[in-house]
Amino acid sequence: QQQPQQQPQQQQHHQQQQSGQAASASASLTDRLHGWLSWLPVSNETVQEVNQTSAMSLVAEQLHQEHEQEQRLMQQELLELENLHGLGRKLEVWQGDANLKAKEEKAKEKEKGKDSEKQLQLQMQDWPFISQDILATHAFWAQGYGNGQTDGEDSDSSSKSSKSNNKPDPIGICIGFLAAVFAAYSVYRSKREANRIISLFEANTQIRELEEKARRGEPLPPIVVIRGMICADGGDVFAVTPRIGGLREKLGQIEQPKNAWIEIARQAKRDPQLKGVADAVVERTGVDAVDVPDVPEPGDRNLRESTTRGEGSLVLSEILVARICAKHQRRTEDKRTKRLTIKRPCRNESYNCFHARHVAEGLHLVDLDGTRAELDLPPADAVGLAGIPEPPPLFLPVNDVWTEFTHYLRRDGLTGTGGRHQRLDGLPPMRLSDPYTLLSEFIFIDVQSPGDLGGMPTNPNVLVSIAEAYRGRDGPGKFLWEPRGFYDSVKGGGYDDVPAYAGTRLRRTEMVEAQELIERAQEAARQNAQRTPFCEPTFTREQLQERRDQENCFRYTELAIRRNTPVTVLARPMVAEAGTGEGADFRIRLTSPMAEYEEGKPSTPESDPKADRFRFRIRPGHTVENLLRLRHLNVNAYYGLAIVGLAFAGWAAAGYPGMSAG
């Protein structure tokens, strides 16, 4: 815009400069001519005429020169203007390219943010068993705990508002971060336990050493690892599954269900889309994916075959029957097409419905020096009316990390926004959990029934046969009826809810006979297929009835230990019998390190969820490889909890994208 204004000024300046130069040159030439003419013999008139003619010629020549100079300047200025115009066009192109690139980068960042948000949303939808349990804990805390409301206020209004308006939810953020911190501590605890197991194994403790300590009045160590052979004073016992048709043909087969937490950890270590969450775990907890040991895939050959068949001279057999059910059904709507889809998972939750044991009298361990110690096994009571109890330790289960976390919440409570501590001892108990991952090498069968009622193709009454095998003075063995294991999840409800359409007789958690359990399962299947909201438009009511066998089953797992089998025992030594006088015998009894916790006694360091939690273990051979492998799997499970905790915290910070209010 300045160039058109400057052009006349520049031309005037050039004209003035050229006029001055021309006047100076004309005067110089006139002086020279006067000098030359003075030597010529001419008259004064001639001189004056010549002077006039010379002056006119000089003026004409000067004007011609000025015109040429002006033309050259104008051409130069036009050339400069063209150059400036071309540079301007280049600058415009460059600026346009830069703007376009910036827009593209901004669009990419925006799309990346959408993809990250969508990925987080999809991950939380892929982990519905996590989100529903956390949100149920969230709802319990919000009801009169976390928000400090008075009577008559809507205790859940703030959480619903945050979910519907995509506002950050401080309660959800707090729960997610607490889960991550708990998982991080548990990872370090598991590694510490593994190192301690190695130290105890290398100590090569013998039973006689423990007797000498007891005789001198010295305290016994809280936990030992002892190698020897397992024996019994009484006669042999028998395993149950080899005597039951339908299961007899399955001996040696191991169908280990996938552990969701380990799968999440494996996914986080391999999936680049979860790298942000994995980096957040490192930043918040210090637990790096490289510190989490790799574990075999669920289909690993060592996990799926057993060379034993539960036969021979047995001193111990133990069976665990679990109900595996389908939970966390959900409805999803496509935002673009408004199409509604029903998603129904299969066999993703479980509870123990039967646990029993046959053990020979006088079960004991003879160590490598030939000294005897009594074996006091933990009780076979992994079936709980009041919620999920401790997993059966002889089956060597991977830790149930979510149940442990809820126990921790009940015990220690939760500190929310503003530093206010909230008690959560009234949190409803966990009724269902992930199917156990069982690692004991004494397991010789671990199979799932093909159908909903637990029968096998050649024997539809497997449950009844198991109950008869454990008949006692009060009749056949009984099974736990847990209605939550036979109905769909409650729409918009928590993990402790039973659908309203469940019959009155079927709503109670209680012990029943095997035949009654089957009859109740049939009735619950009919009610659920007719009344569940998770059906249309994806499925018909008839299809739900047909899917019943695909979605639900019973799991049968049994282990057996032969007489004189070389074993390694991890246990707590105690004095079984103390004599009197000099030279009295002090007999050692090996019991569970968690004895006080398992018996429901007051809290002790052993029962603290954050303390080392060694359980009674027996493994074949004189090594501790399987015990260490169990710790590696536990580390993966806890790492999975840390991933989910931080993912949920991010989801809550974003206002739960993808979730409608309520």
Side-chain angles (χ1 to χ4, degrees), residues 185-186 188-231 233 359 362-379 381 390-391 393-394 396 399 404 407-408 411-412 567-619 622-624 626-628 630-631 634:
Y185 187 93
S186 300
Y188 293 122
R189 185 197 69 204
S190 297
K191 292 183 176 181
R192 185 174 66 244
E193 291 173 352
N195 293 332
R196 190 175 179 188
I197 288 175
I198 295 175
S199 300
L200 293 172
F201 179 76
E202 293 176 346
N204 195 23
T205 303
Q206 301 298 318
I207 298 174
R208 190 175 300 279
E209 298 176 21
L210 301 175
E211 292 178 346
E212 291 297 330
K213 284 188 176 184
R215 187 175 292 108
R216 294 193 299 266
E218 299 178 3
L220 298 180
I223 186 173
V224 294
V225 172
I226 299 180
R227 291 166 283 184
M229 290 191 302
I230 190 168
C231 306
D233 300 328
V359 58
L363 188 69
H364 60 274
L365 177 74
V366 178
D367 68 5
L368 300 181
D369 291 340
T371 308
R372 169 174 172 158
E374 306 300 321
L375 289 178
D376 185 10
L377 302 179
D381 60 352
E390 282 291 310
L394 297 188
L396 210 62
N399 288 354
E404 284 187 7
H407 288 337
Y408 166 72
R411 180 183 182 275
D412 286 5
V567 296
T568 300
V569 177
L570 186 150
R572 177 183 181 182
M574 299 183 68
V575 177
E577 296 181 7
T580 57
E582 186 176 355
D585 291 335
F586 285 78
R587 302 182 63 181
I588 298 298
R589 177 167 57 96
L590 300 178
T591 186
S592 171
M594 300 283 292
E596 286 84 356
Y597 184 81
E598 291 163 350
E599 295 172 5
K601 295 183 179 180
S603 177
T604 63
E606 289 82 2
S607 66
D608 186 349
K610 295 184 292 185
D612 290 347
R613 304 192 73 195
F614 291 101
R615 295 174 175 84
F616 190 93
R617 306 297 191 198
I618 301 178
R619 74 162 309 275
H622 291 163
T623 67
V624 290
N626 216 24
L627 298 181
L628 297 178
L630 173 65
R631 259 61 190 183
N634 286 339

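Between Arg617 and Val225 the shortest side-chain heavy-atom distance does not fall below 4.5 Å. Residues Leu377 and Ile618 meet the side-chain proximity criterion, which asks for heavy atoms closer than 4.5 Å. In this structure the side chain of Pro593 never reaches within 4.5 angstrom of the side chain of Pro222, judged on heavy atoms. Proximity of Leu210 to Ile226: side-chain heavy atoms (C-beta onward) are separated by under 4.5 Å at one or more points.
Geometric assessment of Arg216 against the ring of Phe586 yields a negative cation-pi assignment under the 6.0 Å and 45° thresholds.
Interatomic distance, Arg631 CZ to Lys191 NZ, rounded to the nearest 0.5 Å: 14.5 Å. Atoms CZ and CZ, on Arg589 and Arg572 in that order, are 9.5 Å from each other to the nearest 0.5 Å. Going from atom CD1 of Ile223 over to atom CD1 of Ile197 covers 7.0 Å, rounded to the nearest 0.5 Å. Atom CZ of Arg196 is separated from atom CZ of Arg189 by 13.0 Å, given to the nearest 0.5 angstrom. Separating the CD atom in Glu404 from the CD atom in Glu390 is a distance of 7.5 Å, to the nearest 0.5 Å.
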>> Thr371 vs Ile588, test: side-chain contact (heavy atoms from CB on, under 4.5 Å). Steps then yes/no.
In response: CA-CA 10 Å; Thr371 308; Ile588 298 298; over 6 Å; no
>> One pair to check against side-chain contact (heavy atoms from CB on, under 4.5 Å): Phe616 and Thr591. What are the steps and the verdict?
In response: CA-CA 7 Å; Phe616 190 93; Thr591 186; 5.8 Å; no
>> I'd like to know whether Glu212 forms a side-chain contact (heavy atoms from CB on, under 4.5 Å) with Glu218, so could you lay out the CA-CA distance, the side-chain angles of the two residues, the decisive distance to 0.1 Å, and finally the verdict.
In response: CA-CA 9 Å; Glu212 291 297 330; Glu218 299 178 3; over 6 Å; no
> After noting the C-alpha distance and the side-chain angles of Thr568 and Thr623, does the key distance pass the side-chain contact (heavy atoms from CB on, under 4.5 Å) rule?
Replying inline: CA-CA 7 Å; Thr568 300; Thr623 67; 5.8 Å; no
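With Leu627 as the partner, the side-chain contact (heavy atoms from CB on, under 4.5 Å) test is satisfied by one option alone out of Leu200, Leu570, Ile198: Leu570.
With Asn399 contributing its side chain and Asn634 its backbone, the two residues share no donor-acceptor pair below 3.5 Å. Remark: side-chain polar atoms of His622 are paired, donor with acceptor, to backbone N or O of Gly228 under 3.5 angstrom. Under a 3.5 Å cut-off, the side chain of Arg615 and the backbone N or O of Ser592 do not form any donor-acceptor pair. A distance-only check finds a donor-acceptor pair linking the side chain of Asp367 to the backbone of Ile207 [under 3.5 Å].
Residues Lys213 and Glu209 are not paired through a salt bridge, judged by the lack of any N-O separation under 4.0 Å between the basic side chain and the carboxylate.
Here the closest non-hydrogen pair linking Arg587 and Glu374 is NH2-OE2, 2.6 Å. Of all non-hydrogen atoms in Ala571 and Leu590, the two that sit nearest each other are CB-CB, 3.9 Å.
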